Amino acid sequence: MSTTEHAPHAGHHERTLDPVTFEVLKNAFTTSVDLMSEQILRTCYSFVIYCRDFSSALCDAQGNTVMQGSQDIAVHVGTLHFQCKAVIEYFGDDINPGDVFAINDPYRGGTHFNDISFIRPVFVGDEIIGFAQNKGHWADVGGTVPGSFDVTAKEHFGEGLRIPALKIWDRGVFRHDVAQLIVQNTRSPFVGLGDLHAQSEATAVCERELLRLVDRYGKDTIVAAMAEVQDYAPAHVAGKCPHWRG
């Protein structure tokens, strides 16, 4: 596994794309994420997720957020990059094509335990160019009360199952034992397993769209666009708010 090298923070990348290509790819990234969200909406089992308590994002090879969905939840998308970076840090070189990771750890970018994220690396050859991920609110993740919202809990063990970064798919092979360990610790394993598959498979939709863009524009152009989109956001805000300093 290798990751594409480019500036780790927005604002450090020299513009190389013409304005038309930049706008086309910026909007294509949004569409790729929104298609992932649409897949979740059409295949989820939980009524909570069906009511759009979920968010999606595209991250670059370093885990930085490139694009979020057009109907996402701020508290979700504000932490998705931390979870992606946690996967990169924990697994290092053991990230392979066909892998899908799950995580809800609030100490590594999670929100509350009900919000479980699924993260898929996107490879071009043996090189990671990005990560597709989504976070959805499961109806129950165990704990002392149904729904896993215990206002009397004095420690997080009463609020449900804490999931560190782990593999649900390993090189394209579904890890049934790991999935069962998660869903059997909920009050509705059938619904949990359905949402697990819905969210995991939705990341493949974003992967497919990103690779389609690579086929059309080339890997280097897509990687450059990811960096320039990150530069665009603070520049756009600064243009609207002249006294703002990023």
Side-chain angles (χ1 to χ4, degrees), residues 3-4 6 10 13 15-44 49-81 83-84 97-101 115 117-125 127-137 195 197-237 239-240:
T3 57
T4 300
H6 61 78
H13 188 271
R15 287 290 295 266
T16 60
L17 302 181
D18 66 85
V20 173
T21 301
F22 171 77
E23 284 295 328
V24 168
L25 291 177
K26 176 169 68 72
N27 286 283
F29 293 155
T30 302
T31 299
S32 298
V33 177
D34 282 344
L35 287 172
M36 174 164 47
S37 297
E38 186 66 22
Q39 176 83 355
I40 295 171
L41 194 64
R42 291 172 180 268
T43 59
C44 66
I49 294 180
Y50 184 74
C51 290
R52 297 207 72 98
D53 194 347
F54 68 89
S55 300
S56 304
L58 171 65
C59 295
D60 66 16
Q62 284 71 44
N64 304 303
T65 300
V66 173
M67 189 62 66
Q68 65 187 65
S70 59
Q71 299 186 57
D72 285 343
I73 300 171
V75 72
H76 286 172
V77 297
T79 63
L80 288 174
H81 61 295
Q83 294 185 298
C84 195
D99 288 350
V100 180
F101 304 89
D115 291 337
S117 293
F118 293 85
I119 302 170
R120 179 188 297 267
V122 180
F123 280 81
V124 174
E127 183 178 14
I128 296 175
I129 63 166
F131 291 85
Q133 72 163 306
N134 58 69
K135 175 184 290 188
H137 180 123
D195 287 337
H197 281 288
Q199 290 178 253
S200 297
E201 293 301 325
T203 60
V205 174
C206 186
E207 176 190 43
R208 179 196 69 203
E209 292 301 304
L210 190 60
L211 292 178
R212 182 178 63 82
L213 294 174
V214 169
D215 287 342
R216 181 165 183 176
Y217 293 93
K219 182 196 71 176
D220 292 343
T221 298
I222 298 305
V223 170
M226 287 181 170
E228 292 186 20
V229 165
Q230 293 177 70
D231 294 344
Y232 169 81
H236 181 72
V237 172
K240 296 294 184 179

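Along the sequence shown, residues are numbered consecutively beginning with 1. Just so it is clear, the model here is predicted, and its values are computed rather than measured.
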**Message:** What verdict does the side-chain contact (heavy atoms from CB on, under 4.5 Å) test give for Q83 and D115, after you've listed the backbone C-alpha separation in whole Å, the side-chain angles of each residue and the deciding distance to 0.1 Å?
**Reply:** CA-CA 12 Å; Q83 294 185 298; D115 291 337; over 6 Å; no

**Prompt:** What is the distance from atom NE2 of H76 to atom OG of S117, rounded to the nearest 0.5 Å?
**Reply:** 8.0 Å

**Asked** Hey, does E228 have a side-chain heavy atom less than 4.5 Å from the side chain of L25?
**Response** no

**Request:** For Q71, enumerate each residue passing the side chain to side chain donor-acceptor pair (under 3.5 Å) test, keeping only those at least two apart in sequence or located in another chain.
**Result:** none

**Prompt:** Could you give the distance from CD1 (I222) to CG (L17), rounded to the nearest 0.5 Å?
**Reply:** 8.5 Å

**Complete:** All heavy atoms of E207 vs all of A132, minimum pair found to be N-CB, 4.5 Å

**Asked** Does a side-chain heavy-atom distance below 4.5 Å link Q133 with C59?
**Response** yes

**Complete:** When every non-hydrogen atom of F118 is compared with those of S200, the smallest separation belongs to CD2-OG, 3.3 Å

**Prompt:** With side chains defined as the heavy atoms from C-beta onward, is the minimum distance between E201 and T43 less than 4.5 Å?
**Reply:** no

**Item:** L58 side, atom CG; M67 side, atom CE - distance, nearest 0.5 Å
**Value:** 8.0 Å

**Asked** With a 4.5 Å heavy-atom cut-off, do H137 and I73 have their side chains touching?
**Response** no

**Atom of S56, atom of I40 and distance for their closest heavy-atom approach** = OG-CD1, 4.0 Å

**Message:** Between Q230 and N64 (side chain of the first, backbone of the second, donor and acceptor by atom type, cut-off under 3.5 Å), is there such a pair?
**Reply:** no

**Item:** side-chain contact (heavy atoms from CB on, under 4.5 Å), paired with F29, selected from L213, D34, V24
**Value:** L213

**Side chain proximity check, V229 to F22, heavy atoms < 4.5 angstrom** = yes

**Asked** Ignoring hydrogens and geometry, is there a side-chain-to-backbone donor-acceptor pair from N134 to Q199 under 3.5 Å?
**Response** yes

**Prompt:** Are side-chain heavy atoms of L41 and Y50 found at a separation under 4.5 Å?
**Reply:** yes

**Under 3.5 Å: donor-acceptor pair, side chain of E209, backbone of V205** = no

**Asked** Are the side chain of T203 and the backbone N or O of I119 linked by a donor-acceptor pair below 3.5 Å?
**Response** no

**Prompt:** Side chains of F101 and C84: closer than 4.5 Å at any heavy-atom pair?
**Reply:** no

